[in-house]
Peer 1: 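Below is the structure I would like to discuss, written out as structure tokens.
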Amino acid sequence: MIDITATHLLKSIPCFNSFNSEVLERLLGSAREQSFAKEETILLEGDPCPGLFVVKSGLVKLYRTSLRGDEQIMRVVSPGGCFECAPLFDGGPNPVSAQALEASKMIVIPIASFESLVSSYPEVALQFVPILAMRLRDLLNTVEDFSFRPVPSRVAKLLLQLGERPDDGSVASTSSPLTQQHLACVVGCSRQVLNSTLQELVKEGIIKIEKRRIIVLKPEALLELTYPEL
């Protein structure tokens with residue numbers, strides 16, 4: 001049985017908060033909480049899907065691995081996010097692997113429970129259409145970036161996405177468990193190329209690096225790199 005915090009979290013997620021009380025009670029009754037240590041594997045690409053995962057705390061990377069062992073990070077999931085939606089509907093294996101970037105807690109809804117719920121309440125499936133559509137758009141944006149954007153442009157776009165702008169109007173910064181190797185896997189380049197790109201941005205005064213924090217000094221310059229056609 002999951003605790004009240006997990007219950008509130010599920011109710012706050014758009015695809016769950018429109019369920020009626022009967023559906024939600026059944027969903028919560030089948031859910032369980034599971035903990036993962038930092039760098040622990042949660043699931044593997046190609047394995048049978050165990051169910052729907054909702055991140056309660058921590059951070060999870062979703063990635064694919066090539067035959068040569070190269071890693072491509074598809075998405076990083078923070079608290080309140082969910083993953084492994086597609087196999088719930090197509091019956092296929094996990095399309096990605098998942099690993100905890102830090103100690104994390106998951107709310108897991110077993111696939112058998114979800115299938116039983118959809119069988120009884122077909123309208124439940126419709127609540128996941130916006131999520132699947134958003135994932136498709138994200139994938140198309142990734143394909144576009146890899147096809148048409150050079151590495152500096154992809155790095156600039158990622159820094160803009162990760163940056164958090166303070167309310168006081170000061171410069172944006174990002175600080176996260178993502179290492180430079182992780183960042184390289186997100187933008188699809190080697191760590192050496194990423195480091196060279198970051199150092200070039202430092203040299204141009206666009207960013208500065210303090211330990212694991214990347215501070216954006218000139219967000220407008222990153223924007224120009226991201227969208228040079230504007």
Side-chain angles (χ1 to χ4, degrees), residues 39 45 55 58-83 85-86 95-102 130-230:
E39 297 185 355
E45 175 187 348
V55 181
L59 207 62
V60 175
K61 70 171 182 178
L62 306 182
Y63 64 98
R64 297 190 65 135
T65 307
S66 72
L67 294 176
R68 297 188 307 172
D70 297 326
E71 184 179 295
Q72 173 63 53
I73 295 179
M74 308 305 296
R75 190 159 56 95
V76 176
V77 188
S78 54
C82 60
F83 58 93
C85 296
V96 294
S97 297
Q99 183 187 51
L101 289 174
E102 58 188 32
I131 290 180
L132 295 174
M134 182 175 65
R135 298 285 178 267
L136 176 59
R137 287 184 181 277
D138 289 343
L139 180 59
L140 290 174
N141 286 335
T142 299
V143 171
E144 179 185 34
D145 287 348
F146 281 23
S147 299
F148 304 123
R149 293 184 190 277
V151 171
S153 179
R154 300 205 297 266
V155 172
K157 183 178 180 181
L158 180 60
L159 292 179
L160 287 173
Q161 290 172 340
L162 293 176
E164 298 179 2
R165 183 166 296 281
D167 293 334
D168 62 7
S170 58
V171 293
S173 67
T174 178
S175 178
S176 77
L178 295 178
T179 63
Q180 284 199 15
Q181 183 59 47
H182 290 140
L183 296 177
C185 289
V186 172
V187 298
C189 68
S190 68
R191 181 174 178 177
Q192 291 77 11
V193 170
L194 175 79
N195 184 264
S196 175
T197 301
L198 291 176
Q199 292 306 317
E200 187 63 31
L201 293 176
V202 170
K203 186 185 302 183
E204 294 177 7
I206 297 174
I207 65 171
K208 69 176 180 178
I209 300 175
E210 294 180 351
K211 295 182 179 180
R212 297 187 65 171
R213 293 177 67 234
I214 298 176
I215 301 173
V216 178
L217 302 175
K218 298 178 180 178
E220 68 284 353
L222 287 181
L223 196 60
E224 289 178 7
L225 280 172
T226 304
Y227 305 103
E229 66 277 7
L230 295 181

Peer 1: Please output the side-chain donor-acceptor pairs of residues 187-195 that fall under 3.5 Å, not counting sequence neighbours, one pair per line with the distance.
Peer 2:
{"from": "Ser190", "atom 1": "OG", "to": "Val193", "atom 2": "N", "distance (Å)": "3.1"}
{"from": "Asn195", "atom 1": "ND2", "to": "Gln180", "atom 2": "OE1", "distance (Å)": "3.2"}

Peer 1: Taking all atoms of both residues into account, what is the closest heavy-atom pair of Cys82 and Ile131, and its distance?
Peer 2: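 Scanning both residues, the minimum pair turns out to be SG-CD1, 4.0 Å.
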
Peer 1: CG/Leu198 to CD1/Ile209 distance, rounded to the nearest 0.5 angstrom?
Peer 2: 5.0 Å

Peer 1: Say whether, by atom type as modelled, one donor and one acceptor occur between the side chain of Ser153 and the main chain of Leu225 under 3.5 angstrom.
Peer 2: yes

Peer 1: Not counting sequence neighbours, which residues clear side chain to side chain contact (heavy atoms under 4.5 Å, CB included) with Leu132? List them please.
Peer 2: Cys85, Phe89

Peer 1: Output yes when a side-chain donor or acceptor of Ser97 lies under 3.5 Å from a complementary backbone atom of Glu45, and no otherwise.
Peer 2: yes

Peer 1: For Glu210, which residues count as a side chain to side chain contact (heavy atoms under 4.5 Å, CB included) partner, sequence neighbours excluded?
Peer 2: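 In terms of side chain to side chain contact (heavy atoms under 4.5 Å, CB included), with neighbours along the sequence ignored, Glu210 is linked to Lys208, Arg213, Ile215.
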
Peer 1: Measure the CD-CD1 distance between Glu200 and Ile207 for me, rounded to the nearest 0.5 Å.
Peer 2: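 Going from the CD atom of Glu200 to the CD1 atom of Ile207 covers 10.5 Å.
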
Peer 1: Only counting residues at least two apart or in another chain, list the ones meeting side chain to side chain contact (heavy atoms under 4.5 Å, CB included) with Ala86.
Peer 2: none

Peer 1: Between Gln72 (side chain) and Val186 (backbone), is there a donor-acceptor pair under 3.5 Å?
Peer 2: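 Present.
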
Peer 1: How many angstroms lie between CG in Leu136 and CE in Met134, if you round to the nearest 0.5 Å?
Peer 2: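 Going from CG on Leu136 over to CE on Met134, the span is 11.5 Å.
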
Peer 1: Please evaluate residues Leu201 and Val155 with respect to the criterion side-chain contact (heavy atoms from CB on, under 4.5 Å), reporting the C-alpha separation (whole Å), side-chain torsions for both, the decisive distance (0.1 Å), and the verdict.
Peer 2: CA-CA 10 Å; Leu201 293 176; Val155 172; 4.3 Å; yes

Peer 1: With rounding to the nearest 0.5 angstrom, report the CE to CZ distance, Met74 to Arg135.
Peer 2: 11.5 Å

Peer 1: Under 3.5 Å, side chain of Glu71 to main-chain N/O of Thr65, donor-acceptor pair present?
Peer 2: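 Answer holds: no.
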
Peer 1: Heavy atoms only: give me the nearest Val55-Gly58 pair and the separation to one decimal.
Peer 2: CG1-O, 4.0 Å

Peer 1: Quick check for you: to the nearest 0.5 Å, what is the distance between Lys61 atom NZ and Leu101 atom CG?
Peer 2: 6.5 Å

Peer 1: Run Ile206 and Leu159 through side-chain contact (heavy atoms from CB on, under 4.5 Å) and show every step you take.
Peer 2: CA-CA 11 Å; Ile206 297 174; Leu159 292 179; over 6 Å; no

Peer 1: Working to the nearest 0.5 angstrom, can you tell me the gap between Leu62 CG and Gln99 CD?
Peer 2: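 Nearest 0.5 Å value for the CG-CD distance: 11.0 Å.
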
Peer 1: If you compare all heavy atoms of Leu59 against all heavy atoms of Glu102, which two are closest, and at what distance to 0.1 Å?
Peer 2: N-CG, 3.6 Å

Peer 1: Please enumerate all residues that pass side chain to side chain contact (heavy atoms under 4.5 Å, CB included) together with Pro130, with sequence neighbours excluded.
Peer 2: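 In terms of side chain to side chain contact (heavy atoms under 4.5 Å, CB included), with neighbours along the sequence ignored, Pro130 is linked to no residue.
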
Peer 1: List, one per line, each side-chain donor-acceptor pair under 3.5 Å for residues 141-148, sequence neighbours excluded.
Peer 2:
{"from": "Asn141", "atom 1": "ND2", "to": "Arg137", "atom 2": "O", "distance (Å)": "3.3"}
{"from": "Thr142", "atom 1": "OG1", "to": "Asp138", "atom 2": "O", "distance (Å)": "3.0"}
{"from": "Asp145", "atom 1": "OD1", "to": "Arg149", "atom 2": "NE", "distance (Å)": "2.6"}
{"from": "Asp145", "atom 1": "OD1", "to": "Lys157", "atom 2": "NZ", "distance (Å)": "3.3"}
{"from": "Asp145", "atom 1": "OD2", "to": "Lys157", "atom 2": "NZ", "distance (Å)": "2.9"}
{"from": "Ser147", "atom 1": "OG", "to": "Val143", "atom 2": "O", "distance (Å)": "2.8"}

